[in-house]
Amino acid sequence: MRYLPHTPEDIHEMLKVIGVDTVDDLFHTIPDACRNSTPMDLPPAMSEWDLNAHMDSLAATMASSNEYRVFIGAGSYNHHIPSSVPYLLSRSEFATAYTPYQPEISQGTLQGIYEFQTLVTRLLGMDVATASHYDGATGLSEALLMAVKKTKRKKVAVSVLCHPFHREVIRTYMDPAGVEVVEVPYTPEGRTDLKALEAMDDLAAVAVQSPNFFGVVEDLKGFSDTIHAKKGVMIGSFTEAIAWGLMKNPGRQGVDIVAGDGQSLGIPKAFGGPGLGLLASTKAHMRQLPGRLVGATTDLDGKRGFVLTLAAREQHIRREKATSNICSNNGLCALNAAMYMASLGGSGFRRLAQINHNKAEYLKKALAGAGVEITFASPTFNEFVVKFPKGFEATYERLLAKMVVAGLPLERFYPELQGHYLLCVTETLSKTDLDQLVKEVTA
Amino acid sequence: MRYLPHTPEDIHEMLKVIGVDTVDDLFHTIPDACRNSTPMDLPPAMSEWDLNAHMDSLAATMASSNEYRVFIGAGSYNHHIPSSVPYLLSRSEFATAYTPYQPEISQGTLQGIYEFQTLVTRLLGMDVATASHYDGATGLSEALLMAVKKTKRKKVAVSVLCHPFHREVIRTYMDPAGVEVVEVPYTPEGRTDLKALEAMDDLAAVAVQSPNFFGVVEDLKGFSDTIHAKKGVMIGSFTEAIAWGLMKNPGRQGVDIVAGDGQSLGIPKAFGGPGLGLLASTKAHMRQLPGRLVGATTDLDGKRGFVLTLAAREQHIRREKATSNICSNNGLCALNAAMYMASLGGSGFRRLAQINHNKAEYLKKALAGAGVEITFASPTFNEFVVKFPKGFEATYERLLAKMVVAGLPLERFYPELQGHYLLCVTETLSKTDLDQLVKEVTA
Amino acid sequence: LNEPLLWEKGKKGRCGFSLPECDVDEVSFEGDLAGDGPDFPDLSEVEVVRHYTRLSTWNFGVDTGMYPLGSCTMKYNPKVNERQASLTGFADAHPLLPEVRTQGALKLMYDLEHFLKELTGMDAVTLQPAAGAHGELTGILMIYAYHKKKGQIRTKMLVPDTAHGTNPASGALCGYTPVAVPVNGEGIMRVEDVRELMDEDTAGIMVTNPNTLGLFEENIREICEIVHDKGGLVYGDGANLNAIMGYVKMGEIGVDVMHFNLHKTFSTPHGGGGPGSGPVAVNKTLEPFLPVPRVEKIQDTYRLVTDYPDSIGRMMTFYGHFGVMVRAYSYILSMGAEGLKEASAHAVLNANYIKERLKDTFHLAFDKTCMHECVFSDARQEEDGVTTLDIAKRLIDYGFHPPTIYFPLVVHGALMIEPTETETKEDIDNFIDTLKAIAKEAKESPELLKNAPTRSKVRRLDETAAARKPCLCG
Amino acid sequence: LNEPLLWEKGKKGRCGFSLPECDVDEVSFEGDLAGDGPDFPDLSEVEVVRHYTRLSTWNFGVDTGMYPLGSCTMKYNPKVNERQASLTGFADAHPLLPEVRTQGALKLMYDLEHFLKELTGMDAVTLQPAAGAHGELTGILMIYAYHKKKGQIRTKMLVPDTAHGTNPASGALCGYTPVAVPVNGEGIMRVEDVRELMDEDTAGIMVTNPNTLGLFEENIREICEIVHDKGGLVYGDGANLNAIMGYVKMGEIGVDVMHFNLHKTFSTPHGGGGPGSGPVAVNKTLEPFLPVPRVEKIQDTYRLVTDYPDSIGRMMTFYGHFGVMVRAYSYILSMGAEGLKEASAHAVLNANYIKERLKDTFHLAFDKTCMHECVFSDARQEEDGVTTLDIAKRLIDYGFHPPTIYFPLVVHGALMIEPTETETKEDIDNFIDTLKAIAKEAKESPELLKNAPTRSKVRRLDETAAARKPCLCG
């Protein structure tokens, strides 16, 4: 077995040193009553080659974005990833290391994460960013818990245009913490209803996503002003990080904590994970942040170096008094995102966002021109809601057979939006792809 | 342009230092009469993504051994390659380095090649092996030139069962060197005719391949004895290195120089290249070997280290008096082969050869049982010649449509073997694949 | 070789990305909500590649050498599994594709759940949690939901004092106050202590077995019975599952719910701190509370089903760390039942071998047969003024990653060594000889340890200053 | 960290390979011709992986840092091209597949030949040669065949004394005695010298342009005319093509046959010494002599054609280093005509910038505008007893790969610097400042140079001992 190096002689010699006869003797501390009643019934061990063939066959069933034109975003976005990024990420010094508990031999990870944190603060206009969280939903839930702890209030408001799955996760997290979750409805323009928020009281925080689930850009400033007037915490969220190439960043809109999803930043969709939770805040919230933080310091010789810091927030030091139970984060995904942001650079990031915007607007206009209803008139980024004509289900199936996935039906998430679809366009789709969709949809 | 880092400011500053106005001014030493008359007419620059799509479309036309059952060997063999090997090979420290002229910062390559040389000598039973050659054919040609120089004779004998393409390359190399090439015919048993060699005189060397082009294992000892009696050099060759897992190695059969193809040792077929030429010899021929050699030595502190050595044989020192003009070799392929041999180990290598043998013999027997003529009765390794029934061309096409490539027609190479095919079976084909071939062939 | 920070490099206008030509009209994004784009440095591809290549060389990974970090199970990560995870069909699949176009991924998840059930004798599994601690939270949420469904609000949770910090922290997220269960002279929990502490205000107990001393909780069955008798549930922390595959099924010894650390036990790369994956297995009692969506097989079609009214809900946006699942699934298929059992056997063999060979050199916290890890302390070296930290740092100079230090908390100055099954005897011997040499140095020239490490990129770092005046971005 | 030799590791019975189960009967291989199998060490996968991972860390590659090795064109190798070369359709394709199933590869080769023709204004190309020197041999064989076809046996070949050693060595393989053409005070060949040396016993001339001093052979047209007038042919060594893409077409200035170093100019990784690829381009005169098989397009189908009676024959078993072709083809498609011209422009800019900034510090062999590389010498440092070798080794301590040294032979103690176009101005400035600092050290503390390198895996190695008592295997 190529992963188990011991030869029978190795085992024999080691047992002799230990002073027992068989390896099973080493398991004598396990009472008989605790032993397996039956062996594990697993498939017989596969060779590398059989495994490859098996995995190829499973993977072949999937409608990968490489073969299909997939007009779905909704929290997972198809962006080009430069070959240099997965190559660098595959370097075993990054991939096979553990959490950098020994900073002297982990400066690669540590500097990489310090740079990641910095890029995230610059992207979002925040003072501090963590070393990563699992994904947008879990980060957002933790952000709300931060606000609850900070304000000692037990009610939070969440825009109904936060990603529906994020809202589900929030409910899961808030319930046992005894936190009430109220939802802020949306307006006919496809925006979170600021007026509704104004009417709410005793809020620890409000969470608003921009671009929201409908792709509509929200005016976060208005929500910041409103919640701050109520002494609550303003939490901004997002699922499409590329939008910040064009949109005014949360920091400039008075947001206190930002919890968003970073999958767009060069991370493969991978059927939903691993992705990346981005969590950043103003300085005021720094010591409430959950998860790892990397900080700069100096070594014995005065040389710059990096360490995990502010561990007093964390479970391995504070146990039940920690700001969170998080231990492993999504470190390699954070490094992945940093490599991607470094590859794009500021100029490239902005240009890429612009290209995304151009393409989405092109499709929007073309569909409108073809008589499709564009449900919300507000400005959007990358995603928008349309109402397709009756009987579109058949068109959808026909397109699927042609390797086109024509958006996400919204009724499941918003029952009032029957016949509506959320469409997403990124730089990966060509004008030809967009024209084809318009043609087929209106055929 | 992501591969050209200079910004306009960079260029401006540099030009200022140089003291010229434009980059084109730096080309003033090129006389007008030497300038391009027309610009290069190349396709417009492609983005990474367009390039990926384009290359995917080209690659998709190819009958890869991953999708097809390919019963062809004939100098290029389909063997399993552990994922660990290409991964290690992709480490940029190996891949993006140059020839190790600066040994202090090239010990990775140097130790790796030293180990490669050692593994090759152990595989072939030789005293010395070079750091690699281009492929079997070029290595074999250089081996013959070694013998010509050594013996000062201008005639060499080559078995007609050396790979036909190898023999073509030999002719290309020998012609301007004024060396006469005579071919040793084969016997009805599919072996090189030792008697015919006995009748030849004034030979610098004889080259015999084993397993030969028909897959038949040759008795190299007989040829060694005969050519040595004539004071010529015995050169052994091979295209399927895995055979040495079962066959008696050339060193034990009196061979002086071995020149074979190492593609089988974990190197992708890659439509024929890059592969690997293995060139090894007894000590007596060491200083006539072409190409790089790595040797062990010590550094100033007495620490073990490795360097390129015996450079006095080489073109950069000896120029026209060098043993060869070779400069770049196939270093990374040599490292690839070393990684593969290290992964298999001696025990694994032998077992793998046995599995190959088992499968090939299974097919041979099954075909024979189904009435197909097995042309040569001699023992073979991995490959053997069959005569398919008349009208087999249609079956061949039918099989091709079913993604099976049913061997290599031999008539092109040996006109007397009309209707004969060379079939190859390695560990990559399953019993099911073999049974399918038998069934279809005899249907 | 040094390497500056990203923004100390580059020049405006460079780009390491192949920006596609835009084949549609430009549409400006204007108005109040328009921003200026992020202030990132602009770098060419070669700058990016060299930057991260250099950074990588300052790191130590499993491919670099032995990484005996206790309770982290740093075994070798097979390269072939990286191939599987990067297959286009997996890496490039959108999570919201129509189910008919995702059958391969769903089958993989379904089968992986089944494998985990087989491994543990549990009845149902969710793969959704993102990491071990996230799995713990999932499990505790289910315990909470279970009690709540019965109309009970319990306020306490038994947690042995050998437990990982994540245990009390996870409990706290559901409002449970941890109640410490002490370890006895044998390094395990006593039945009497549990009996005394368990009551009907207590939701249950969180047990790591083998525990973080590397010792099997021999009284686990009795403890489970006591907890169950009081209406509580038993949570199993699977961090140390690598010790007992094929030997013990958690579901058979009384555990009601447990999490796995897929990345540890099933050999996926730890990524410098993640992503991990923390599936949770439960028995029938807790099955209704599992997170949604669940993967089910309905007439040969795999489906994501959400229709479970008692479910605690979603734990992540999508279905968990699928990429990690691919690797773990591949690993299990490569090993088979016998291979996994052998892995545990060799892991335990290696730990006991180290324990035996080092117990005359270092103080052994509990001198008995251990499972996959053993815990020493610096008790003997203390007299020379040398601490566990010094020993750990000195190991770096010899090319080893240090063990886990100062944990578990019950052992003062702990050195917690988990060699895993993928180390060769030669490397283990080398590690042992090195530790012996260091012990000798501790006596003869302790300054060598105090000054260590000297061969790393940086020497010891000022962690106090880092925390006092945090500088978290540049 | 040290790492033993392969056979100093491992233990009989280990395996780092997944040996498949054998699904057919065992058939023993017996008799006189049966052997025992090779005496290789048996290693587990983790041992193999760590072995080569450690070895790799002792190497310096382009991804490590600036690699200004003159005449080797160590530019950055785009990662995306590795993807292309490893596509299953390419990597896993047998060379003898039926042509109908290899159209993609053949089209790629056909188009790449066309690109190379466009770059050089030549009429036909073979991609078959395995490396630059192999391309040279191919070219010389064609010259030989050309003369032979005319019934002439010529015996000499003009070779400038700036030429690479491969030039005379390639000539020698066809029986040509090299006749040296001296370099003039301007670093290039004089027309008069060629006129004097060229005669009807001389097969032609081998010209590297720009030459290895980084200087354009300004008299090339006249030289070509003289050679042609005497019935000779002009061989162009393409090693330095990176200087003139888009500026000069070799076919237009009189070159009859030339080789490319695909791996240099078109940015494929050099692999620690190969594999390279050395296509050869010819004009109409020589086209009939090209090696077979040739790739042709016949009614939309690409075919391998061998039917050329005057062909010199095959140069390799199959069609050359296809994997390298894939990378070069991808590179050309990524760059386009403008990008390639810009690459040459920046390569020349960088070399001149270095020349200007260092010419006060180091002796410049020929003080004039250079092309893509510039050649200094140790003439000024000699007085302090410091040699080119010392300077080169000291550069290692500063994190740079040394330039080519002691070549070209016409410059005593040469330092031949080729920065390439992919280096940033910052790295080039850093390199320049470092060389200045080293020059200062040479004056003030020459022992620093004499002892260099000190930061590498090993210090200076005893090459004499290595050659005197060769130890070539273990």
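Since the structure is predicted, the reported quantities are computational estimates derived from the model, not experimental observations. Just so we're on the same page: letters track the sequence lines, and every chain starts at 1. FYI, side chains are in, hydrogens and waters are out, and symmetry mates aren't considered; it's all heavy atoms of this structure.
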Note, A:Leu15 side chain near A:Val23 side chain (heavy atom, < 4.5 Å): yes
C:Tyr76 portion near chain A, given a 4.5 angstrom heavy-atom threshold: side chain
Part of A:Leu352 lying under 4.5 Å from any heavy atom of chain C: both
A:Ile317 portion near chain C, given a 4.5 angstrom heavy-atom threshold: neither
A:Asn66 versus C:Thr88, side-chain donor and acceptor atoms under 3.5 Å: no
Under 4.5 Å from any heavy atom of chain A - which part of C:Leu173: both
A:Phe27 to C:Val348 - nearest heavy-atom pair and separation: CZ-CG2, 3.5 Å
Proximal component of A:Glu115, with respect to chain C [non-hydrogen, under 4.5 Å]: both
Structural part of C:Tyr67 lying under 4.5 Å from a heavy atom of chain A: side chain
Contact class of A:Asn249 relative to chain C, heavy atoms under 4.5 angstrom: neither
Under 4.5 Å from any heavy atom of chain C - which part of A:Glu168: both
Pair C:Ser170-C:Glu136, side chain to side chain donor-acceptor pair (under 3.5 Å): steps then yes or no: CA-CA 6 Å; C:Ser170 299; C:Glu136 279 181 33; 2.8 Å; yes
Closest-packed option against chain A by number of heavy-atom pairs under 4.5 Å, given C:Ser18, C:Cys72, C:Pro20, C:Gly276: C:Cys72
Beyond-backbone contact of C:Leu472 with A:Val294, side-chain heavy atoms, under 4.5 angstrom: no
Residue among C:Gly313, C:Ala345, C:Ala91 with most heavy-atom pairs under 4.5 Å to chain A: C:Ala91
C:His164 portion near chain A, given a 4.5 angstrom heavy-atom threshold: backbone
Closest-packed option against chain A by number of heavy-atom pairs under 4.5 Å, given C:Ala131, C:Gly339, C:Ser330: C:Ser330
Residue selection (most heavy-atom pairs with chain A, distance under 4.5 Å) from C:Ile253, C:Val48, C:Thr64: C:Val48
Chain C contact via A:Arg252 - which portion, at a heavy-atom distance below 4.5 Å: side chain
Heavy-atom contact with chain C under 4.5 Å, split by part of A:Thr138: side chain
Donor on one side chain, acceptor on other, C:Glu26 and A:Asn358, under 3.5 Å: yes
Aromatic ring proximity C:His401/A:Tyr98, centre distance under 6.0 Å: no
Under 4.5 Å from a heavy atom of chain C, the part of A:Arg35 involved: both
Structural part of C:Leu215 lying under 4.5 Å from a heavy atom of chain A: neither
C:Leu6 portion near chain A, given a 4.5 angstrom heavy-atom threshold: both
Interface moiety of A:Leu26 toward chain C, non-hydrogen atoms closer than 4.5 Å: both
Heavy-atom closest contact (A:Thr61 atom, C:Gly104 atom, distance): OG1-N, 2.7 Å
Donor on one side chain, acceptor on other, A:Ser37 and C:Glu252, under 3.5 Å: yes
Contacting moiety of A:Ala60, where chain C heavy atoms sit under 4.5 Å: neither
C:Tyr319: ring-ring contact (aromatic ring centres under 6.0 Å, His included) partners, not counting sequence neighbours: A:Phe271
Side chain to side chain contact (heavy atoms under 4.5 Å, CB included) partners for A:His80, two or more places apart: A:Glu427, A:Thr428, B:Trp49, C:Phe17
Selection from C:Arg459, C:His346, C:His270, C:Glu356 maximising heavy-atom pairs under 4.5 Å formed with chain A: C:Arg459
Part of C:Ile396 within contact of chain A (heavy atom distance under 4.5 Å): side chain
Structural part of C:Pro78 lying under 4.5 Å from a heavy atom of chain A: both
Which portion of C:Glu82 sits near chain A, non-hydrogen atoms under 4.5 angstrom: neither
Chain A contact via C:Lys107 - side chain, backbone, both or neither, heavy atoms under 4.5 Å: side chain
C:Glu423 versus chain A, the contacting section by heavy-atom distance below 4.5 Å: backbone
Chain A contact via C:Asp23 - which portion, at a heavy-atom distance below 4.5 Å: both
Cation-aromatic face contact A:Arg122/C:Trp7, 6.0 Å, 45 degrees: yes
Which of C:Thr317, C:Asp63, C:Val24 touches chain A most, by non-hydrogen pairs under 4.5 Å: C:Thr317
A:Met339 and C:His51, any side-chain heavy atoms less than 4.5 Å apart: no
Chain A contact via C:Tyr247 - side chain, backbone, both or neither, heavy atoms under 4.5 Å: both
Per-residue contact mode, A:Pro379 against chain C (heavy atom under 4.5 angstrom): neither
Smallest separation among heavy atoms of A:Ser65 and A:Val70, with atom names: OG-CG2, 4.0 Å
C:Gln84 versus A:Asn52, side-chain donor and acceptor atoms under 3.5 Å: yes
Side chain proximity check, C:Leu141 to C:Cys174, heavy atoms < 4.5 angstrom: yes
Residue part contacting chain A, namely of C:Leu69, when any heavy atom lies under 4.5 Å: side chain
Geometric class of the A:His163/A:His166 ring pair [parallel <30°, tilted 30-60°, perpendicular >60°]: parallel
